[in-house]
Amino acid sequence: MPTDIPGIHHVTAIAGDPGRNLEFYTQTLGLRLVKRSVNQDDAGTYHLFYGDHGGSPGTSMTFFPHPNARSGTIGNGQVSTTQFLIPGDSVDYWTDRLDEADVEVTGPSERFGNTVLAFDDPDGLPLELVARDDAIAGDLPDGPVPDEHAIRGFYGVSLALARGRATKNLLETMGFEPGETEDERQRFVAGGDLGYVVEVVEDESRSAGTQGAGTVHHVAFQVASVEQAEWREILQDHGLRPTEIIDRKWFESVYARTAGGVLFEFATKEPGYTVDEPLDELGEHLVLPEWLEDRREEIEAQLPPLDVSKSAD
């Protein structure tokens, strides 16, 4: 067996207007734009990456923004909520900050002994801030949120499933230990410092979700480069149909749709976002992998204007 997975690598969602998306995640949530590229499977669409100062695995929230995208619906077969980790004493700060930004907040509430603030991003993507006293110090961005209250990275995700048995079995194989349950929600915990929680929420009566703006496209988990092929075999052993190993420039990836319908990615930590940009220039330029570089003029002509000046770290 390969090494247990420590947690989430990144979460990728679908958005509408890219400028609105950029402003919310950098100015309201205080994350850094760490990579400005394109969807490698649809090069006429941006791929925007947000995270801590260096875009460390476990902090990177990424988006495919389509200006005319239809809204999706949240339901079974999806990541239903993306959860960020904040320090335990930051709940009042974030309640006030989101209120000042005209973001409607539900809570604070308690779940599994943690204080939780729930809200949606401008496209309706469900987000939560989970407050914990043991939140790591992190490699914080130099943004509008004071360091003592800044988002540290991911706490985890919740998965909406009609039936969760096969997905739970896979999570345990990945190194997520089953934990507490509250109603139809069960918590699975990995051994890392960020993105170490997956909550499985089972409800057969809930409708299937539909993909569109305001929904998660996939959740990616951290794996070691030398174990990537072994994880692919494990996915096959679970009856899934994983892709080949795909070079995404900043990491290598294997994708597989789970029995519950959620798309999982297994992404390597290396080489990271500084492989093609200096750390202090992350996000400032449109970066293309070398196999798309000869199409730069064509690609740039298709992309809508995007003012990144307010997102500078």
Side-chain angles (χ1 to χ4, degrees), residues 4-13 21 24-35 48-63 79 81-91 93-94 97-98 111-112 114-119 121 125-159 174-176 187-199 216 218-224 250-251 264-270 272-274 279 282-283 311 313:
D4 286 349
I5 287 174
I8 292 168
H9 184 284
H10 66 269
V11 176
T12 296
N21 178 265
F24 182 79
Y25 282 90
T26 60
Q27 298 305 301
T28 302
L29 295 190
L31 303 178
R32 184 187 185 190
L33 178 66
V34 292
K35 189 66 63 179
L48 304 179
F49 299 69
Y50 309 102
D52 68 0
H53 181 66
S56 309
T59 75
S60 186
M61 184 80 197
T62 93
F63 286 90
V79 172
T81 309
T82 302
Q83 305 160 333
F84 293 106
L85 180 66
I86 60 171
D89 60 358
S90 296
V91 173
Y93 171 85
W94 278 102
R97 181 176 183 82
L98 293 170
R111 184 190 308 138
F112 297 124
N114 300 318
T115 302
V116 179
L117 296 175
F119 58 99
D121 84 352
L125 182 73
L127 303 173
E128 291 179 343
L129 299 179
V130 180
R132 288 183 61 94
D133 291 336
D134 62 355
I136 65 169
D139 178 23
L140 304 178
D142 183 17
V145 178
D147 286 356
E148 63 267 28
H149 299 302
I151 289 171
R152 276 23 187 182
F154 293 116
Y155 172 74
V157 295
S158 62
L159 310 181
M174 291 163 57
F176 285 79
R187 189 169 178 258
F188 289 77
V189 183
D193 294 324
L194 290 171
Y196 51 84
V197 172
V198 174
E199 296 175 356
V216 169
H218 63 268
V219 55
F221 297 92
Q222 299 182 48
V223 298
W250 313 290
F251 41 82
F264 278 13
E265 177 183 350
F266 293 72
T268 60
K269 182 178 181 179
E270 296 83 14
Y273 297 141
T274 57
L279 179 62
L282 289 178
S311 68
D313 191 27

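Keep in mind it's a predicted model, so treat the numbers as computed, not measured.
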Self-check item: Student check: side-chain heavy atoms of Asp142 and His53 closer than 4.5 Å
Solution: no

Quiz item: So which of Val130, Leu129, Leu194 actually passes side chain to side chain contact (heavy atoms under 4.5 Å, CB included) with Tyr155?
Solution: Val130

Quiz prompt | Rounded distance (nearest 0.5 Å) linking atom CZ of Phe154 with atom OG1 of Thr59 | solution = 7.0 Å

Practice problem: Side-chain contact test, heavy atoms from C-beta onward, threshold under 4.5 Å: evaluate it for Phe251 versus Tyr273 and give yes or no. | Solution: yes

Quiz item: Between the main-chain N or O of Phe266 and the side-chain N or O of His9, is there a donor-acceptor pair closer than 3.5 Å?
Solution: no

Quiz prompt | Gap between atom CG of Leu127 and atom CG of Leu117 - 0.5 Å precision | solution = 11.5 Å

Quiz item: Nearest heavy-atom pair of Asp139 and Ser56: which atoms, and what distance?
Solution: OD2-OG, 4.5 Å

Quiz item: Out of curiosity, Thr115 OG1 to Asp89 CG, how far, rounded to the nearest 0.5 Å?
Solution: 11.0 Å

Quiz item: Is the closest side-chain heavy-atom distance between Thr81 and Val157 below 4.5 Å?
Solution: no

Quiz item: Aromatic rings Phe24 and Phe119: how do their planes relate, parallel, tilted or perpendicular, breaks at 30° and 60°?
Solution: tilted

Quiz prompt | Glu199 side chain to Arg187 backbone, donor-acceptor under 3.5 Å | solution = no

Quiz prompt | Worked check of side chain to side chain contact (heavy atoms under 4.5 Å, CB included) between Tyr50 and Val34 | solution = CA-CA 5 Å; Tyr50 309 102; Val34 292; 5.8 Å; no

Quiz item: What distance do Arg32 atom CZ and Asp52 atom CG have between them, rounded to the nearest 0.5 Å?
Solution: 9.0 Å

Self-check item: Side chain to side chain, Leu48 and Tyr25, heavy atoms closer than 4.5 Å
Solution: no

Quiz prompt | Closest contact, heavy atoms only, Val189 versus Val197 | solution = CG2-CG2, 4.4 Å

Self-check item: Matching residue for His149 among Phe84, Tyr93, Trp94 - test: ring-ring contact (aromatic ring centres under 6.0 Å, His included)
Solution: Tyr93

Quiz item: Looking at Pro141 and Gly51, what are the two nearest heavy atoms and their distance?
Solution: CG-O, 4.2 Å

Quiz item: Is Val145 close to Ile151 at the side-chain level, that is, under 4.5 Å between some pair of heavy atoms?
Solution: no

Quiz item: Would a line drawn from the ring center of Phe49 to the ring center of His10 be shorter than 6.0 Å?
Solution: no

Quiz item: Would you call Asp121 and Phe63 a side-chain contact if the rule is heavy atoms closer than 4.5 Å?
Solution: yes

Self-check item: Pair Leu159-Val79, side chain to side chain contact (heavy atoms under 4.5 Å, CB included): steps then yes or no
Solution: CA-CA 5 Å; Leu159 310 181; Val79 172; 3.8 Å; yes

Quiz item: Is there a side-chain contact between Met61 and Leu125 (heavy atoms, below 4.5 Å)?
Solution: yes

Exercise. Might you point out which heavy atoms bring Gln27 and Arg97 nearest each other, and give the distance in Å?
Key: O-NH2, 2.6 Å

Practice problem: Nearest 0.5 Å please: distance from the OG atom of Ser158 over to the CD atom of Glu128. | Solution: 6.5 Å

Quiz item: Side chains of Arg152 and Leu140: does their closest heavy-atom pair fall under 4.5 Å?
Solution: yes

Practice problem: Kindly give the heavy-atom pair with the smallest separation between Pro87 and Ala131, and that separation in Å. | Solution: O-CB, 3.7 Å

Exercise. Indicate the atoms forming the closest heavy-atom contact of Lys35 with Leu282, along with that distance.
Key: NZ-CD2, 4.1 Å

Quiz item: In Å, rounded to the nearest 0.5 Å, how long is the span from CG of Leu31 to OG1 of Thr26?
Solution: 8.5 Å

